[in-house]
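Structure first, then comments.
Lettering follows sequence order; numbering is per chain, from 1.
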Amino acid sequence: MIHESDKVNDLVITESDLNFQKIYSKPYFPKGLEEDLKKANLLLLPYEGFKTTKGPVFPEQTMEFYKFIKNYDSNKLIGDICISDEDYAELELHADLITLSSMIVTMGVLPIATGLIANYLYQKIQERNHKTDLKVKVNITVVDGDKSKNIFYEGDAEKFEETLKTANEFNI
Amino acid sequence: MDILQISKYLQYFKGIKLNKDILDQLSEFKKIAVNKGDQEEAKNIWCLEQVYKVINHFLTAYKQLEKKEYYSAWCKLERADIELHFLRRHLDYSGNKYGLEFIENIINQLQKLFPYQVFSSRESTVKKWRCSICNQVISLRNSCGHEIGEIYNGEQCFRIAEDIEFHGIAIVTNPFDKFAVLFPEGKEYNYAMLENLMKNWTNPYDKWELHIVLDLNEEFKGLGRNDPCACNSGEKYKNCCLRTGEDKHEHYKILFLEKDLKNFKRQRKQSFKTWKN
């Protein structure tokens, strides 16, 4: 995680070997919440190993984003966060840049997840006075059967949805 | 003054010093509204308090600029910007209600005239939060129900961070709040653009606009695309500074919109650096 971005709409898609099973075996996976978390098709994931931090951390305002996911009106999307309440910690960098928590989703709900993120970012854009473009970083691992891809977007918040839709049209 | 009179006073205020009793009066009105259980009125009063704070910070910053207290003015403008940020979701001030669009625009333009470019930013982890409204400890799956940024009993809800672990200080160019300006030892900021502005900005409500255009540097004027680059790199101009944009500089033009030209001190183009030394 870094503090700044000068990108406009960078989209990097790479092959990944991450899947839900690997997440379930992570040391931070809360065994007490296993039943609920295994129902989720979108999981927010912590960042491991930021400088001197001892445990996993989430970007600032993840609690707010998690609440947004929980209140999002969708029958298909089941969102959760992969940490117990006791182990939850936020890393505050005080940057004028939104870094969303990394997430893993199933392919079937990717369009819903994209819409959810775009709605969340729209809310954030509305809170600003438009003097500068709101920059954002979004990192999504998409699991499709036994294959996974990683989608990393860095750039203007308002270009996020359009960029992902364009990439999808070209089957990237 | 009653609430309506205070609202009108703030709407049409064009002076240099606000009535200092207004915040106390609003506080009293708010207590009454809260005791009556009138949440809408309490929220309306909170909005007026915010309007007062924004105008007050703006006027204080203006006075500090007049006295060349630049860093203090910078902090006041930043504070006004933050108060506006809190207010924006609760009050539609389009149509320049309470003069806030004017102030918002001036803050934005003024911030560009300061030489500050580098700031420090704290890196820390937080493991515990409390709600500012009910003081309850908040966790991921156990919230008190109060929404951050909403107004309850005339007060804005925020989170009080506890159990903070400090990791370091980062040097950044664009932190969320920009109070922590770096002042390197032995270096002195050049406030020439603000000094020039203040020669003609004689009333905080004067209307002016900042236009930033890219001008060609003198040494590149008349140079053909295939000529050797003026930077002496040995490359052709088209493959060197024309491509990188190094042949241009930002020209800040300040345009006063309602000035009497007889008393206006027109200024020639001047070049400045961020530092005096």
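The number of heavy-atom neighbours closer than 6.0 Å to NZ of A/Lys31, taken from other residues, nucleotides and ligands shown, is above 12. The number of heavy atoms from other shown groups lying within 6.0 Å of NZ (A/Lys147) does not exceed 12. Heavy-atom neighbours of B/Phe183 CZ from other residues, nucleotides or ligands within 6.0 Å: above the threshold of 12. Within a 6.0 Å radius of CZ in A/Phe152, other residues, nucleotides and ligands contribute more than 12 heavy atoms. Atom OH of A/Tyr122 is surrounded by 12 or fewer heavy atoms from other residues, nucleotides or ligands within 6.0 Å.
Contacts between residues 62-81 of chain A and chain B, defined by a heavy-atom separation under 4.5 Å, are made by A/Met63, A/Tyr66, A/Lys67, A/Asp80, A/Ile81.
Remark: the backbone N or O of A/Leu91 is not paired with any side-chain donor or acceptor of B/Thr125 at under 3.5 angstrom. A/Asp85 places no side-chain N or O within donor-acceptor distance of the main-chain N or O of B/Ser139, the cut-off being under 3.5 Å.
Between A/Glu92 and B/Arg122, the closest side-chain pair of non-hydrogen atoms falls below 4.5 Å. Counting heavy atoms from C-beta on, the side chains of B/Asn174 and A/Leu97 never come closer than 4.5 Å.
When all heavy atoms of B/Arg141 and A/Leu37 are compared, the pair lying nearest together is NH2-CD1, 4.0 Å.
At a 4.5 Å heavy-atom cutoff, the contact between A/Glu86 and chain B is made by backbone atoms alone. Contact of A/Ile83 with chain B is made through backbone and side chain together, with heavy-atom distances under 4.5 Å.
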